[in-house]
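Presented below is the structure to which this report refers.
Throughout, protein chains are lettered first and strands after them, A, B, ... in sequence-line order, and every chain is numbered starting at 1. No hydrogens, no waters, no symmetry mates; every other heavy atom, side chains included, goes into these values.
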Amino acid sequence: MSFKKCKGKLMKKNSEISPCGVVVELLVSSPGGFDNIDDILVEFQPKLRASDDYTFLLRELGNRGDWVNAMRCFEFAINLEKRRNEKGKLASSMISTLGRLGKADLAKNVFDVAVSEGYGNTVYAYSALISAYAKSGCCDEAIGVFRSMKDSGLKPNLVTYNALIDACGKGGANYKRASEIFNDMLENGVLPDRITYNSLLAVCSGAGLWEVARSLFDEMVHRRIDQDIYTYNTLLDAACNGGHIDVAFEIMATMAAKSVFPNEVTYSTMIRGCAKSGKMDRALNLFNEMKLAGIKLDRVSYNTLLAIYANLGRFNEAFAVGKEMESIGIKKDVVTYNSLLDGFGKQGMYDKVKELFVEMKRGNLCPNLLTYSALISGFCKGGLYKEATEAYTEFKRQGLKADVVFYSNLIDALCKKGLVESCALLLDEMMRDGIQPNVVTYNSIINAFGQTETVDYAETQIESSNSLTYTDGKMVVKEDDQIIEVFKQLACGKSGNVKQDQRTRKDFRCVLGIFRKMHEMKIKPNVVTFSAILNACSRCNSFEEASLLLEELRLFDNQVYGVAYGLLMGHNEHTWSQALSLFDEVKRMDSSTASAFYNALTDMLWHFGQKRGAQLVVLEGKRREVWENTWTQSCIDLHLMSSGAARAMVHAWLLNIRSTVFEGHELPRLLSILTGWGKHSKVVGDGALKRAIEALLVSIGAPFQVAKCNIGRFVSTGAVVTAWLRESGTLEVLVLQDDRTLPRTRFDLLPNLQPLPL
DNA sequence: ATAGGGTTAG
């Protein structure tokens, strides 16, 4: 009999346990694997005849993650089997088992041997290898296999195409490639099915192509291809990734009517979507909903929830989730610890970070790239360069290799400390290491300009003597490792010995060098790049410096430049209509990207005295709901705004309630201005925004006071504010003016103007 | 052959 038919159940036949049952029982009773699988195989060899039996065994071993014994079993069976196509079946099965376990290299070895021995040249073997590469995110390799398959005269089938499209979605999704494969498939008369579309949807989700995903979904309906839970979950993921959380909720609500019921994957996708767009209450509501619907939380759901709390710094709740998870028998894993390490690191609780790292290792969990990345960038943020060096050295010792995210994260951490020069060094190092920086890497550095945090260098120096001894005495430091060099220098406080203005000038040159590199490397800038440039402008002390940056903006994107420059010089109708179409584009981004752009643009305008222009931008942002519920008659919420945007907004709000007063209406009894706790300040709890607003209120004589119970809130009564608004001088201080104005005609020439003439 | 979790810029 064949194993295939008993599907892992113990079966008795003629009061004797079948071969299937025996081996399955052996598998079950040796969860740690076998030392003597060869003996068992020899013993059972007479009973295991068909290659189907061995295939079943391979799959069972694969399900247990035991690829070592699976390989032995495969070798054993392949030597026994004489028929070529049976050998071929075994090979395909082995390749797919290895592929599922992420062992693409081993799969390739098996494949190569099978081909050279003359039994591997089958569609199944090729498809299995493509799928193995897909799982490991090796799209190029998968396509290479596909080509050689065609070259050797084999015809790809539906499974081959589906696996190949799947490969395009992993490791930097590439929709262009996927659609080329899709077309190739159609041309070769292979009809796409549900899985083809599901895989295409996954590519869209990974590539951030929400509109395309939606039209593919419609196409599916049109072609009468059923949608299953994979389809919906992938579609929801695409919507969430595109920042369309409301649309995602709408789609989720339609699922039940199609008899596709949300499962734990649906919920964790949605929860992550909510969390990503800052809607924590909705995220937590979904967890309750999930429990009410009787859907059990699994490992991923728990880790998702825990990560949300850890990221918010709500550690008691994070630990409670961890406890609950362990109480139902799911042990904390590397993902759990990475979230915790990252959360504590972000809050500057480094003792806790160290403690957790020890605990993690005690639990026999193996730290990975992300673990070390969280540790190292966390320590850097706190100026703990000795610890950062230690963690980095250990990381190297484990044989782990840095990637672009690792470097970007580290560069960002150093940039936030104002160490722009060190970052430029690391940028060179990563390129020498064969890692290509991406737009995120560059944006971090641009954004760093002028953000020089005040670092106490004296203190750093004292500490450095210890760390140097430590570094020299105890560690094996590779001479040419730039990261260690940078940490060493930082620990010595070398970069802090230059004077502030000298350093700013150096930083400025570094940033200009970054732009040059971006052009050389053909890195496409994005909205964040534009926001970063505008923010850098706001930190320039002179118009001349800012004009150099704006020139870079012009080279990147003439439209954004036209708007920024036009508003800076005193806008007119032409600039404004350009601005409106730019705002239309920005509105398509997710909400935090959009608000960051408005914040940056307004800050820049305010900084250079174009206050009326700043206010126009802010009011347009309000109209388009860039910031959530900005104002009512009684309350204005500024906590998502930059200081320039917030100040422009306060003027607009006061003017608004002033007209209420002059129309003869009464103001609410209590008026509040919320500044939050300084979301835009670098130090938690340091209310840069609050201070800016306080200064503004004082300067215009607005009668507001800090609330007793909330230091982030200014309050006043309707009566007091009414009296002040009625004073003769009030209107004048409220109405904003631009320092520069341009004639309101002939402005179609504007975009062709040269950079700021000053 | 298909779905969700931990990392980067604002």
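A donor-acceptor contact under 3.5 angstrom links the side-chain atoms of A:Asn526 to the base of B:dA9. Below the 3.5 angstrom threshold, one finds a donor paired with an acceptor across the side chain of A:Asn263 and the base of B:dA3. For A:Ser408 against B:dT8, a side-chain N or O and a base N or O form a donor-acceptor pair under 3.5 Å. For A:Asn198 and B:dT2, a side-chain-to-base donor-acceptor distance below 3.5 Å is present, hydrogens and geometry of angles not being considered. In the interface, the side chain of A:Ser268 is paired with the base of B:dG4 through a donor and an acceptor atom under 3.5 Å apart. Checked by distance alone, A:Thr371 brings no side-chain donor or acceptor within 3.5 Å of a matching partner on the base of B:dG6. Scanning atom types as modelled, no donor and acceptor separated by under 3.5 angstrom connect the side chain of A:Asp333 and the base of B:dG6.
OP1 and OP2 of B:dG6 both lie 4.0 Å or more from every side-chain N or O belonging to A:Arg299. At least one side-chain nitrogen or oxygen of A:Lys170 sits closer than 4.0 Å to the OP1 or OP2 atom of B:dA3. Taking side-chain N and O atoms only, A:Lys381 has no distance below 4.0 Å to OP1 or OP2 of B:dT8. Residue A:Lys346 has a polar side-chain atom (N or O) positioned under 4.0 Å from OP1 or OP2 of B:dT8.
Listed nucleotides: B:dT2, B:dA9, B:dG6. Nearest to the side chain of A:Lys416: B:dA9. Looking at the side chain of A:Ser131, the nearest of the listed nucleotides B:dG6, B:dT2, B:dA1 is B:dA1.
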Starting from the C-alpha separation in whole Å, work towards a yes-or-no answer on side chain to side chain donor-acceptor pair (under 3.5 Å) for A:Asp193 and A:Thr196. CA-CA 5 Å; A:Asp193 69 349; A:Thr196 318; 2.7 Å; yes

Between A:Asn241 and A:Ser205, is a side chain to side chain donor-acceptor pair (under 3.5 Å) present by the stated rule, with each step listed? CA-CA 7 Å; A:Asn241 284 339; A:Ser205 170; 3.1 Å; yes

Can I get a per-line list of side-chain donor-acceptor pairs under 3.5 Å for residues 93-103 of chain A, giving both atom names and the distance, sequence neighbours left out?
from: A:Ser96; atom 1: OG; to: A:Ser93; atom 2: O; distance (Å): 3.3
from: A:Thr97; atom 1: OG1; to: A:Ser93; atom 2: O; distance (Å): 2.9
from: A:Arg100; atom 1: NH1; to: A:Asn63; atom 2: OD1; distance (Å): 3.1

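Contacts of A:Gln227 classified as side-chain contact (heavy atoms from CB on, under 4.5 Å), with partners at least two apart in sequence or in another chain: A:Phe217, A:Met220, A:Val221, A:Thr231, A:Tyr232, A:Lys258.
The separation between A:Leu201 atom CG and B:dT2 atom P is 15 Å, rounded to whole Å.
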